[in-house]
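Inspection log for the structure reproduced underneath, given as C-alpha cells.
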Amino acid sequence: MPDKFDAIVVGAGVAGLAAAYKMAQEGLSVVVIERGDYPGAKNVMGGVLYRAMTEELIPEFWREAPLQRPVVEQRFWLMDSQSAVTTGYKTKEWAMEPYNCFTVFRSQFDQWFARKCTEAGVVIINETLVESCIMENDRVVGVRTGRPEGDLYANVVVLADGVNSMLSRQLGFHKEWEPRQVALAVMEELKLPSEVIEERFNLDPGMGATIEIYGDSTLGLVGTAFIYTNKEHISIGVGTLLSQVRQLKVRPYELLEYLKSHPMVRPLIKKGEPVEYYAHLVPEGGYKAIPKLVGNGVVVVGDAAQLVNGMHREGSNLAMISGRLAAEAIIMAYKIGSFEARDLSPYEENLRNSFVMKDLKKYKNASHLLEVNPQYLNEYIPATNMALHEMLTVDGMSKQEKQKAIIKRALSRKSLFSLGKDVYKAWKAMK
C-alpha cells in the first residue's frame, strides 16, 4: 500500500463509492475506508435507486447490478384511521429499458458498486474507524484510524461518513445536529412469493410499485410511511422526526406495528414472513442545515452534507450526484496540482447549480411547517377522507345536502380565515 494517495474517501455508501469510482477512472490513486464489515453492511435498507444518476457513472449498469424490480407505478395515500384517498401514476414506459428507477437492497447494491470500484483500481479497507482528520498548516492532509500505525495521507479527503459525520463536526463545518434535523426511519422486510406480490399490487411479472403514505401512519408525528415491492420481499417502514419521537416517547417498533396493523395496509402484507428489522437515522435538516462543504484538502458529500429531500424521499440519487461532482472537482484540482478550498470550490458551485440544491431550497421550510402545524396531517387529511366518504356513500341524501354538511363540519372546526391562512402557509412553504 502506498504511503500517500491522491484521495482518501471515508465511508463506502453510494456517495463515497461514486466519488471513488469517478476518480479511479481518471487515474487517481484512491482508498476507501469503511467502518462496517463490508460496503453496505450498515446500509441494509430496501429503497429506491434512480437510474439516471448511476448511469452517469456506469452506463447500462442495470444489466448487471443486483436490482429488485423496475418501478412502473408510484402511488400516494392520504390515510386516516379507517380509510385512504389514493392517487398515483403508472406507465408502460417505466417498464421498458432504460427504466426510471428500481427497488434495491442497499447491502447488495453497495457490495456490487464496491466491486466495480475495486476493478477500477480503488483500494477498499473495511472494519476500520477513522478517528480524526490529520491537519497541517490549516489543511487536511490525511486521516488517523483506530489501527496501529493506521495514519493515511492524501492530497484530499472526501467525507462520506453519513448523517453522524463526526469528522466534519470535528473540523467545525457544523455543530451537532439538533433532533429536529434528523429523522428516525424504521423498516421491516417481509418475505412473500413473487406471484403473491404481483397479484396484490396488480403488477406484471418482474415489475414493481411503491406506495408513499401520509396521515394516519405515524401516530400523529411529522413523517411519512412507505411500502416498496421487491422480488420476493416487501419493504415497509415509517420515518418521523427524532425530536417528536423523543418528545412523545414513542418506541420505534410501535410506529411500525401500528402501520402494519392498519386496515388499509394489512391485506397487502398478509402472511408476510418477517426476515429483517432495522432502524437508522436520516438527515432531515434540508437546505438550511447544509454544512460547509469545502475546505483546504477536504470536501463533504452525501448524508454527511444533509443532502436528502424528505418531501420526495430522495437520498441515494442526491448522494450519487454529490459524490460525482466532488470527484470532478478533485480531478480538476489534481490537474493543476493544488487542493486548497478555492481549487475544490467548483464542487459546491456545481452542486448549487444542480437540481439537488434547487429542490432542497424549494422545500426548505416544509418540514418545520408540518412540525409546528400538526393540523395539516392530523386534521386536514381526515377531513378530506371524510368528505369523500360522504360524497361517495349513496344513502338517500342529496349531493347538495352532503356538500352543505361537509362545509358546515369544516367551518365548525376552523374559520374561513384560518383555512385560508393555512392554505397560504402551505403554498408559501412549497413554492
Side-chain angles (χ1 to χ4, degrees), residues 1-35 117 120-125 128-147 149-175 290-307 319 321-352:
M1 185 180 298
D3 295 331
K4 183 177 180 180
F5 292 85
D6 292 320
I8 296 171
V9 178
V10 183
V14 292
L17 293 174
Y21 184 81
K22 181 69 176 180
M23 289 187 288
Q25 283 209 312
E26 294 296 323
L28 277 66
S29 61
V30 183
V31 60
V32 175
I33 305 176
E34 166 58 30
R35 185 177 61 177
C117 289
V122 176
V123 175
I124 298 180
I125 304 174
T128 302
L129 175 66
V130 175
E131 298 177 341
S132 62
C133 292
I134 301 172
M135 303 291 296
E136 289 182 6
N137 300 320
D138 194 35
R139 184 177 179 276
V140 175
V141 297
V143 298
R144 179 152 292 136
T145 74
R147 292 174 177 254
E149 301 180 356
D151 291 358
L152 291 175
Y153 293 86
N155 292 318
V156 65
V157 174
V158 178
L159 302 184
D161 49 338
V163 60
N164 289 320
S165 179
M166 175 182 67
L167 301 178
S168 58
R169 191 166 71 246
Q170 287 178 353
L171 293 174
F173 282 19
H174 65 86
K175 298 179 181 178
I290 293 172
K292 181 179 177 181
L293 298 176
V294 176
N296 295 327
V298 63
V299 297
V300 186
V301 299
D303 282 6
Q306 285 274 344
L307 300 179
I321 292 173
S322 68
R324 177 178 61 81
L325 293 179
E328 291 173 352
I330 293 168
I331 292 165
M332 291 172 57
Y334 174 79
K335 291 178 179 178
I336 64 174
S338 179
F339 299 89
E340 301 303 308
R342 64 177 178 275
D343 306 306
L344 299 171
S345 62
Y347 160 55
E348 184 171 5
E349 293 170 9
N350 291 334
L351 189 64
R352 292 196 179 279

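Remember, predicted model here, so these are calculated numbers, not experimental data.
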*Shortest non-hydrogen contact between Ala305 and Leu293, atoms and distance*: CB-CD2, 3.5 Å
*Got a second to check how far Met166's CE is from Glu131's CD, nearest 0.5 Å?*
7.0 Å
_Close side-chain approach of Cys133 and Leu171, heavy atoms under 4.5 Å_ = yes
*Name all residues meeting the side-chain hydrogen bond (donor to acceptor under 3.5 Å, both in side chains) criterion together with Asp303; count only those two or more places apart in sequence or in a different chain, and write none if there are none.*
none
_So, applying side chain to side chain contact (heavy atoms under 4.5 Å, CB included) with Ile134, which one of Asp151, Val143, Val140 is it?_
Asp151
_Test side-chain contact (heavy atoms from CB on, under 4.5 Å) applied to Val298 and Leu167, step by step_ = CA-CA 11 Å; Val298 63; Leu167 301 178; over 6 Å; no
*Start with the C-alpha gap between Leu307 and Ile290, add the side-chain angles, then the distance that decides, and say whether side-chain contact (heavy atoms from CB on, under 4.5 Å) holds.*
CA-CA 7 Å; Leu307 300 179; Ile290 293 172; 4.2 Å; yes
*State, to 0.1 Å, how close Ala19 and Ala327 come at their nearest heavy-atom pair, and which atoms those are.*
O-CB, 3.5 Å
*Got His174 and Val300 here, is their nearest side-chain heavy-atom distance under 4.5 Å?*
no
*asked:* With a 3.5 Å distance limit and no angle check, can you tell me whether Ser29 reaches the backbone of Phe5 through a side-chain donor-acceptor pair?
replied: no
Atom pairs and distances, side-chain donor-acceptor, residues 329-341, under 3.5 Å, sequence neighbours left out:
{"residue": "Ser338", "atom": "OG", "partner": "Asp343", "partner atom": "OD2", "Å": "2.4"}
{"residue": "Glu340", "atom": "OE2", "partner": "Arg139", "partner atom": "NE", "Å": "3.4"}

*For the residue pair Pro291 and Ala304, what are the closest heavy atoms and their distance?*
CG-O, 3.8 Å
*Residues which pass side-chain hydrogen bond (donor to acceptor under 3.5 Å, both in side chains) with Arg169, listed by chain and number, not counting sequence neighbours*: none
*Could you tell me the separation between the NZ atom of Lys22 and the CG atom of Leu325, rounded to the nearest 0.5 Å?*
10.0 Å
Going by atom type alone, with no hydrogens or angles, which donor-acceptor pairs under 3.5 Å involve a side-chain atom of residues 155-165 and a protein atom two or more places apart or on another chain?
{"residue": "Asn155", "atom": "OD1", "partner": "Lys4", "partner atom": "NZ", "Å": "3.2"}
{"residue": "Asp161", "atom": "OD1", "partner": "Ser165", "partner atom": "OG", "Å": "2.8"}
{"residue": "Asp161", "atom": "OD2", "partner": "Ser165", "partner atom": "OG", "Å": "3.1"}
{"residue": "Ser165", "atom": "OG", "partner": "Ser168", "partner atom": "N", "Å": "3.3"}
{"residue": "Ser165", "atom": "OG", "partner": "Ser168", "partner atom": "OG", "Å": "2.8"}

*Taking all non-hydrogen atoms of both residues, which atom of Cys117 and which atom of Leu17 are closest, and how far apart?*
SG-O, 3.4 Å
_Student check: side-chain heavy atoms of Val130 and Ile8 closer than 4.5 Å_ = no
*asked:* If I compare all heavy atoms of Ala24 with all of Ala120, which pair ends up nearest, and what's the gap?
replied: CB-O, 3.6 Å
*Sequence-distant partners of Ser132, side-chain contact (heavy atoms from CB on, under 4.5 Å), two or more places apart*: Arg144, Gln170
*Would you check if the side chain of Thr128 reaches a backbone N or O of Ile33 as a donor-acceptor pair within less than 3.5 Å?*
no
*Residues two or more places apart in sequence or in another chain: which of them pass salt bridge (charged side-chain N to carboxylate O under 4.0 Å, His left out) with Arg342?*
none
_For the student: nearest non-hydrogen atoms of Ala12 and Val32, plus distance_ = CB-CG1, 3.9 Å
*asked:* Under the rule for side-chain hydrogen bond (donor to acceptor under 3.5 Å, both in side chains), what residues qualify as partners of Tyr347, not counting sequence neighbours?
replied: none
_Pairs meeting criterion salt bridge (Lys or Arg N to Asp or Glu O under 4.0 Å) with involvement of residues 322-331, two or more places apart_ = Glu56-Arg324, Arg324-Glu328
